[in-house]
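This chain uses plain numbering: 1 for the first residue, then up along the sequence.
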Amino acid sequence: MSSSVYEDVADHLARVLKGADAGAWTDLDGHVRGVIRWGDQVPAPGAWLSAAPGRRPTDLELTLALCGPDGRTREAALPYVTHTPALLPLLVIRCADWAEPVRERARELLSAELPGIAPEALATVAAVVLREARRLRGEPAYDLLTARLSEAPAAHVLALRAAEDRAVRRLAHRVTVDRALLSPARLAAIAATDPDVVVQDLCANAAIATAGDTVDETVLAPLLGSRTGRVRAAGVTALRRTERAAEAEPFLYDRSVLVRACARWTLRQTGTDPLPLYRAACAAGNRTPDFAAVGLGECGDRATDAPALWALIAHERPRVRAGAVAGLRLLDAVRLQRLAPLLDDSSPRVVREAAKALAPWADHFPADALSLVPGDAPADTVADVVADVVAEVVAEAPAVAPVHAPDGVTTPEPRPWAFRVLRLARWRNRSRSAST
């Protein structure tokens with residue numbers, strides 16, 4: 001093999017050994033095989049096996065033999081990996097080899113090596129195992145790893161929770177939960193602080209399940225105080241176990257829709273209807289919680305609660321105004337002429353909610369008008385668009401006198417989806433006429 005090819009493979013191997021991710025080992029395997037198969041004047045990569053039996057190869061020689069295209073060479077080189085722990089990830093890759101003798105021998109060696117691997121090396125091996133598990137014939141190596149972790153010392157498993165690879169961290173936390181290596185309070189703290197949502201869900205549910213009916217403040221406080229909505233929702237649900245369901249009321253006005261739903265469920269389990277609480281909060285004037293309006297829209301009645309939400313679109317706090325708009329949308333109580341002026345609101349939050357609520361009337365606006373927010377376009381531009389749309393709606397109103405229903409009979413207004421269907425049908429008729 002030419003010196004340039006050796007240098008290329010050696011550089012690639014050096015980069016991988018410095019701590020690259022699991023995918024780099026797979027790339028190295030394919031790269032070496034391509035170099036050997038298609039390179040010019042490339043000798044057999046396992047020549048050292050027969051030239052000097054028993055000699056310990058260099059990392060480069062062993063890599064070339066383990067990744068080469070000849071299955072017999074790969075199989076013969078496998079036992080030498082046990083003396084080179086840094087190349088154990090290549091042993092994992094060979095466990096999914098397309099040649100049966102190679103993969104069977106590799107699995108035997110991996111099963112023998114896993115118990116003696118140091119925690120630092122185990123993290124790298126585990127990352128490659130989890131990546132190779134997605135491949136055809138990659139499951140046996142995964143089974144060997146999980147079986148080892150189920151019996152490994154607790155310190156080794158807990159150390160893997162800090163691994164750089166996300167899949168390894170998740171597996172380590174899962175094994176930790178299955179083996180009950182941490183207390184409910186510690187699991188709750190992890191759920192409240194870990195940035196991975198999978199770990200958050202796993203540890204939050206495990207903390208509550210492990211504590212059982214004795215969920216105390218050491219578990220609830222981290223969950224309820226978490227910045228993640230899913231974790232807070234788990235804590236709110238757990239309040240029912242501790243007969244503290246009344247403490248779920250403040251979470252009716254949480255910023256997370258999931259937390260609000262769990263708070264409503266928790267209160268209903270103890271016979272408390274959350275709807276009057278929402279109505280009272282929305283009628284509290286300046287003391288109205290920021291997300292009380294959207295909560296009312298999630299469980300309220302259109303005929304009864306829409307007027308209260310319309311009153312809140314003029315509230316002094318942008319979050320309350322935005323919540324009122326979202327609540328009107330959820331109640332299907334949006335009225336174009338009344339809501340269109342909010343596209344000129346000073347708060348981008350309110351403008352976004354108004355644009356979302358007015359999306360069914362997008363054909364009334366110029367192109368991209370609903371995407372204009374303060375800061376993206378001059379205020380005069382947004383105001384002009386709003387004024388033109390409102391004027392157009394008023395001009396298109398029927399000039400004939402409205403038909404009144406008989407006394408005592410209420411005539412429901414057409415639903416917004418009905419107007420959308422009619423517009424779609426009208427557009428299709430116009431298209432067909434133009435095509436003919």
Side-chain angles (χ1 to χ4, degrees), residues 229 233 236-237 239-240 245-343 345 349-350 352-361 393 402-422:
V236 170
T237 306
L239 287 173
R240 179 172 173 266
E247 297 181 24
E249 180 180 349
F251 294 94
L252 289 173
Y253 321 116
D254 194 273
R255 63 181 180 274
S256 168
V257 60
L258 179 61
V259 176
R260 294 194 298 269
C262 290
R264 291 193 291 268
W265 177 86
T266 301
L267 290 173
R268 286 172 180 144
Q269 297 304 304
T270 57
T272 302
D273 185 4
L275 187 54
L277 299 176
Y278 276 123
R279 289 170 176 167
C282 290
N286 293 335
R287 295 181 290 107
T288 298
D290 289 343
F291 298 94
V294 65
L296 180 60
E298 290 166 349
C299 65
D301 176 73
R302 182 173 65 165
T304 304
D305 300 314
L309 294 179
W310 280 116
L312 289 177
I313 65 173
H315 198 276
E316 61 181 8
R317 295 203 307 275
R319 286 190 175 187
V320 177
R321 297 199 300 274
V325 175
L328 289 168
R329 174 174 54 82
L330 293 171
L331 289 178
D332 202 7
V334 175
R335 297 294 175 265
L336 172 60
Q337 187 173 353
R338 296 183 64 182
L339 204 58
L342 288 183
L343 291 175
D345 194 274
R349 181 191 300 269
V350 178
R352 283 193 297 269
E353 286 296 341
K356 185 186 299 185
L358 293 172
W361 290 273
V393 172
V403 179
H404 297 283
D407 294 339
V409 178
T410 302
T411 304
E413 298 181 6
R415 306 283 280 189
W417 63 263
F419 289 116
R420 294 198 293 272
V421 171
L422 291 175

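Note that the CZ atom of Arg335 and the CH2 atom of Trp361 stand 7.0 Å from one another [nearest 0.5 Å]. The distance from the CD atom of Glu298 to the CG atom of Leu330 is 6.0 Å, given to the nearest 0.5 Å. Put simply, CG on Leu239 and CD on Gln269 are 13.0 Å apart, with the number rounded to the nearest 0.5 Å. For the atom pair CG (Leu328) and CG (Asp305), the distance works out to 10.5 Å, reported to the nearest 0.5 Å. Of the inter-residue distances, the one linking Leu277 atom CG with Cys299 atom SG reads 9.5 Å to the nearest 0.5 angstrom. To the nearest 0.5 angstrom, Asp290 atom CG is 11.0 Å from Asp254 atom CG.
Scanning for salt bridge (charged side-chain N to carboxylate O under 4.0 Å, His left out) contacts around Glu249 gives an empty result, with sequence neighbours left out. Every residue two or more places apart in sequence or in another chain was checked for a side chain to side chain donor-acceptor pair (under 3.5 Å) with Thr270, and none qualifies.
Within the 4.5 Å cutoff, the side chain of Val257 has no heavy atoms near those of the Val294 side chain. Taking 4.5 Å as the limit, every side-chain heavy atom of Leu267 sits out of range of all side-chain heavy atoms of Phe251. Arg279 is listed as a side-chain neighbour of Leu275, based on a closest heavy-atom distance under 4.5 Å.
With no hydrogens or angles considered, no side-chain donor-acceptor pair links Tyr278 and Arg260 at under 3.5 Å.
Side-chain atoms of Arg317 come within 3.5 Å of backbone atoms of Asn286 as a donor-acceptor pair (strictly under, hydrogens ignored).
Of the options Cys262, Ser256, Pro250, a side chain to side chain contact (heavy atoms under 4.5 Å, CB included) to Val236 is made by Cys262 and by none of the others.
Taking every heavy atom of both residues into account, Val334 and Leu339 meet most closely at CG1-CD2, 3.5 Å. Shortest non-hydrogen contact noted between Ala281 and Ala292 is CB-CB, 4.0 Å. Contact between Leu331 and Gly300 at its shortest, heavy atoms only, is CD2-O, 3.5 Å. The shortest heavy-atom contact between Ala324 and Leu312 is CB-CB, 3.7 Å. Across all their heavy atoms, Ala293 and Gly323 have their closest contact at CB-C, 3.6 Å. Minimum heavy-atom separation, Pro289 to Val320: O-CG2, 4.0 Å.
A salt bridge does not link Glu353 to Arg321: none of the charged side-chain nitrogens sits closer than 4.0 Å to a carboxylate oxygen.
Counting only residues at least two apart or in different chains, salt bridge (charged side-chain N to carboxylate O under 4.0 Å, His left out) contacts with residues 280-289 are absent.
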